[in-house]
Amino acid sequence: MALSATTTLPHAVDSVAAVFINEDFQRHTSEFVGGTLESFAVDGDVSGAFSTTSVRTLPTTRLPEIARKFVGDKLTVTQVENWDAPAADGSRQSNITLKIAGAPLDVTAVQRLVADGGSTRVELEGNVTSSVPFLGGKIADAAEPMVAKALNIQSQQAQAWLESH
C-alpha cells in the first residue's frame with residue numbers, strides 16, 4: 001500500500017531538520033500519540049550524512065479489534081532514518097524504515113525536505129507491506145492509514161514546536 005503526503009512549513013530546511021532530529025521533539029511526538037520514546041540515537045555528524053534510530057512504545061487502541069488481538073495492547077516500533085548530506089540549496093532527504101515488533105509489517109519511505117524560498121516542503125512517499133501469505137495485502141491495507149498518520153504527525157507537530165521553541 002502506498003503512502004504519500006506533502007506539507008509546507010514556513011521555516012528553513014535546516015530548522016525543520018534540526019527539529020526532526022531533536023530527542024526532546026521525538027519524545028514530544030511519541031507522548032502526543034500516547035506512547036513513550038524508549039531510546040533515540042544519532043549516528044554521525046548531522047552537517048553531513050548521518051542516521052537516527054528511534055524506539056517507541058505505542059498504544060494499539062486505534063487499531064481494529066482483530067489487529068489488537070494479534071499484537072496486544074502496545075507496539076514497539078523501531079524507526080531508522082538514513083539522512084543524506086544537504087544538497088547545494090540545503091534540501092535534505094532521509095530514507096526511513098519502520099519495524100514493528102510482533103507485527104508482520106514492513107514500512108519503507110523517503111522523506112524529502114525541499115527548500116522552497118524561506119519555507120520547507122516536506123514530501124513523504126513510501127510503502128507498507130506484509131509478508132503474511134494470502135492475508136498480507138489486507139493487513140498492509142488496514143495498517144496503511146495508521147502508519148501514514150503516524151509519519152505525518154511529525155510534520156504537523158514540527159510547526160507547533162518551531163513556533164514555541
Side-chain angles (χ1 to χ4, degrees), residues 1-35 37 39-56 58 62-63 75-100 103 105-131 136-137 139-165:
M1 187 60 148
L3 303 169
S4 183
T6 301
T7 304
T8 300
L9 302 176
H11 300 278
V13 169
D14 59 342
S15 296
V16 174
V19 168
F20 285 176
I21 61 171
N22 178 294
E23 184 172 357
D24 290 335
F25 175 73
Q26 293 295 324
R27 183 171 291 103
H28 165 76
T29 56
S30 298
E31 292 170 356
F32 180 79
V33 297
L37 181 66
S39 67
F40 180 77
V42 176
D43 185 23
D45 182 347
V46 298
S47 64
F50 67 97
S51 65
T52 64
T53 302
S54 306
V55 179
R56 295 179 176 86
L58 301 171
R62 294 186 179 163
L63 293 178
L75 297 172
T76 299
V77 178
T78 301
Q79 180 172 332
V80 176
E81 297 184 9
N82 292 304
W83 289 75
D84 293 344
D89 68 353
S91 295
R92 298 204 77 154
Q93 177 174 301
S94 65
N95 294 297
I96 301 169
T97 57
L98 293 177
K99 296 291 182 190
I100 303 165
L105 290 172
D106 290 308
V107 180
T108 57
V110 174
Q111 179 174 256
R112 291 176 201 84
L113 305 182
V114 181
D116 189 6
S119 297
T120 300
R121 193 171 60 251
V122 181
E123 301 172 346
L124 180 71
E125 294 181 18
N127 287 293
V128 179
T129 58
S130 176
S131 59
I139 292 169
D141 287 349
E144 186 273 334
M146 302 305 291
V147 172
K149 185 174 183 177
L151 291 172
N152 283 323
I153 284 172
Q154 177 171 288
S155 295
Q156 295 165 353
Q157 288 299 302
Q159 174 66 27
W161 186 269
L162 283 162
E163 290 174 358
S164 67
H165 288 82

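Looking at K99 and V77, their side chains never come closer than 4.5 Å, going by heavy atoms from C-beta outward. Side-chain contact between V46 and W83 is absent, with no heavy-atom pair separated by less than 4.5 Å. Using a 4.5 Å heavy-atom cutoff, the side chains of R56 and T29 are in contact.
Contact detail for S54 and F40: the closest heavy-atom pair is OG-CD1, 3.2 Å. Between L124 and A109, the shortest heavy-atom contact is CD1-CB, 3.9 Å. Considering every non-hydrogen atom in both F50 and V42, the closest pair reads CD1-CG1, 4.0 Å. When all heavy atoms are compared, the tightest approach of S47 to P86 is O-CD, 3.3 Å.
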With a 3.5 Å cut-off and sequence neighbours excluded, list the donor-acceptor pairs that the side chains of residues 9-20 form with protein atoms.
none

### Task
Before giving the answer on side chain to side chain contact (heavy atoms under 4.5 Å, CB included), spell out for E125 and E123 the whole-Å C-alpha distance, their side-chain angles and the decisive distance to 0.1 Å.
CA-CA 7 Å; E125 294 181 18; E123 301 172 346; 5.6 Å; no
### Task
Quick one: do S39 and T53 satisfy side chain to side chain contact (heavy atoms under 4.5 Å, CB included)? Show the steps, please.
CA-CA 8 Å; S39 67; T53 302; 5.9 Å; no
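F32 and H28 have tilted rings, their planes meeting at an angle from 30° to 60° on a 0 to 90° scale.
In this structure, the separation between CG on L162 and CD on Q157 is 11.0 Å, given to the nearest 0.5 Å. Distance check, rounded to the nearest 0.5 Å: CD of Q159 to OG1 of T7 gives 10.0 Å. In this structure, OG on S94 lies 4.5 Å from CD on Q111, to the nearest 0.5 angstrom. Expressed to the nearest 0.5 Å, how far OG of S51 lies from CG of N95 amounts to 11.5 Å. From E81, atom CD reaches atom CD of Q154 across 5.5 Å, with rounding to the nearest 0.5 Å. The CG atom of N22 sits 11.5 Å away from the OG1 atom of T52 when rounded to the nearest 0.5 Å.
Among residues two or more places apart in sequence or in another chain, the salt bridge (charged side-chain N to carboxylate O under 4.0 Å, His left out) test is passed with E23 by R27. The salt bridge (charged side-chain N to carboxylate O under 4.0 Å, His left out) test applied to D84 returns no partner, not counting sequence neighbours.
The backbone N or O of A115 sits less than 3.5 Å from a side-chain atom of S91, completing a donor-acceptor pair.
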